[in-house]
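Numbering starts at 1 and runs along the sequence shown. Everything numeric here is computed off the predicted structure, so don't read it as measured data.
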Amino acid sequence: MIDLQFGLAPLFLLLLFLVIASIKILREYERGVIFLLGRFWKVKGPGLVIVIPGIQQMVKVDLRVVTMDVPSQDVISRDNVSVKVNAIVFFRVVDPEKAIIQVENFLMATSQLAQTTLRAVLGKHELDEMLAERERLNLDVQQILDAQTDSWGIKVANVEIKHIDLNESMVRAIARQAEAERERRAKVIHAEGEKQAAQSLLEAAQMLAQEPAAMQLRYLQTLTQVAGDKSSTLVFPVPVDLLGKLMGQKEAPPRA
């Protein structure tokens with residue numbers, strides 16, 4: 001009887017070890033891809049999962065959003081400007097089965113695909129578009145990545161271009177371009193102001209020409225303003241026709 005008990009003890013310990021080893025606990029954001037004798041069986045989790053050692057294998061998959069930093073890439077724009085661009089990709093696994101079976105390492109595959117896609121998309125645009133239309137470029141890269149990673153069970157949620165680094169010569173060229181653009185706008189605004197002022201002067205002249213007395217009053221008002229100057233000598237031109245009107249001269253009647 002004692003020999004039988006000693007013979008069953010190792011078997012009991014072995015069964016206890018197998019039971020403990022077969023118990024797996026998955027967190028809320030984890031899923032387990034179960035393989036039965038090397039073939040895919042099912043996806044389990046979260047919570048308590050039983051995996052029979054030696055017969056079944058489980059691969060854990062994290063379903064949380066992954067923040068991946070895309071290394072700086074050398075990009076040549078459509079107008080032949082060399083820039084360095086880096087970005088951030090936000091994605092998560094939506095189908096654990098495909099993420100494990102369809103691709104060897106979905107993290108590495110997504111990173112390499114993001115780098116090549118970033119170079120390909122930005123290379124189709126000019127430098128001005130890269131700097132001014134970053135939101136549209138982010139959307140283009142995100143849509144291409146999402147379409148290509150769909151077969152891997154991965155959903156690309158967002159892509160953000162962080163930095164576009166330019167060399168010093170290009171930075172100076174952009175600064176000169178911006179300065180020239182500001183000067184052009186200033187000249188256009190100044191010319192528009194001159195045009196509006198000329199139009200206002202024309203309208204004022206037409207109004208004053210309708211009544212000769214108004215011209216005389218305007219002349220006297222201008223003379224009063226100039227007289228306030230502290231200069232000892234004051235030179236003020238007087239039109240002959242206006243002087244004649246001030247002195248009460250009248251035009252001679254036409255001869256018969």
Side-chain angles (χ1 to χ4, degrees), residues 75-88 118-144 158-256:
V75 179
I76 299 178
S77 63
R78 193 172 63 180
D79 52 350
N80 297 324
V81 177
S82 178
V83 297
K84 289 183 177 294
V85 183
N86 58 354
I88 301 178
L118 185 64
R119 291 195 300 268
V121 172
L122 296 185
K124 298 178 182 179
H125 297 80
E126 297 182 356
L127 179 61
D128 292 340
E129 296 177 348
M130 294 183 191
L131 298 176
E133 301 181 6
R134 188 171 298 186
E135 293 294 332
R136 183 169 64 87
L137 296 179
N138 291 338
L139 183 60
D140 291 344
V141 177
Q142 183 264 331
Q143 291 177 347
I144 294 175
N158 194 13
V159 176
E160 292 290 339
I161 298 175
K162 292 198 300 182
H163 299 292
I164 299 178
D165 298 329
L166 305 173
N167 53 38
E168 293 296 331
S169 61
M170 185 55 60
V171 172
R172 291 193 296 268
I174 293 177
R176 291 194 300 270
Q177 180 183 2
E179 183 178 0
E181 177 65 19
R182 292 296 178 181
E183 292 180 355
R184 183 189 68 83
R185 293 182 182 179
K187 292 179 180 179
V188 171
I189 294 174
H190 180 71
E192 185 67 23
E194 292 291 340
K195 179 181 178 182
Q196 295 178 3
Q199 182 66 29
S200 299
L201 290 175
L202 176 60
E203 294 176 357
Q206 291 175 352
M207 294 179 63
L208 292 174
Q210 295 176 2
E211 183 61 40
M215 180 64 72
Q216 298 176 14
L217 293 175
R218 182 57 182 164
Y219 179 81
L220 294 175
Q221 182 182 4
T222 305
L223 184 61
T224 303
Q225 295 175 356
V226 175
D229 194 359
K230 297 181 180 180
S231 301
S232 58
T233 304
L234 179 63
V235 179
F236 194 84
V238 179
V240 177
D241 55 349
L242 182 59
L243 184 60
K245 293 178 181 180
L246 291 176
M247 297 178 64
Q249 295 180 356
K250 297 181 180 181
E251 295 181 357
R255 296 181 179 180

Using 0.5 Å steps for rounding, measure from the [atom1] atom of [X] to the [atom2] atom of [Y].
X: Ile88; Y: Asn158; atom1: CD1; atom2: CG; answer: 9.5 Å
X: Asp140; Y: Lys124; atom1: CG; atom2: NZ; answer: 9.0 Å
X: Leu127; Y: Asn80; atom1: CG; atom2: CG; answer: 11.5 Å
X: Glu183; Y: Lys187; atom1: CD; atom2: NZ; answer: 6.0 Å
X: Asn138; Y: Glu133; atom1: CG; atom2: CD; answer: 11.5 Å
X: Glu160; Y: Glu135; atom1: CD; atom2: CD; answer: 6.0 Å

Inspect the surroundings of NZ in Lys162 and state if more than 12 heavy atoms from other residues, nucleotides or ligands are less than 6.0 Å away.
-> yes
Neighbour count >12 (heavy atoms, 6.0 Å) for atom CD1, Ile76 | no
Taking it one step at a time, do Val83 and Leu122 satisfy side chain to side chain contact (heavy atoms under 4.5 Å, CB included)?
-> CA-CA 10 Å; Val83 297; Leu122 296 185; over 6 Å; no
Passing candidate, side chain to side chain contact (heavy atoms under 4.5 Å, CB included) with Val121, options Ile161, Val141, Val159 = Val141
With a 4.0 Å cut-off, would you call Glu181 and Arg184 a salt bridge?
->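 Salt bridge between Glu181 and Arg184, a charged N being under 4.0 Å from a carboxylate O: yes.
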So do Arg78 and His125 actually touch side chain to side chain, heavy atoms under 4.5 Å?
-> no
Report the C-alpha distance between Met130 and Val81 in whole Å, list the side-chain angles of each, state the deciding distance to 0.1 Å, and finish with yes or no for side chain to side chain contact (heavy atoms under 4.5 Å, CB included).
-> CA-CA 11 Å; Met130 294 183 191; Val81 177; over 6 Å; no
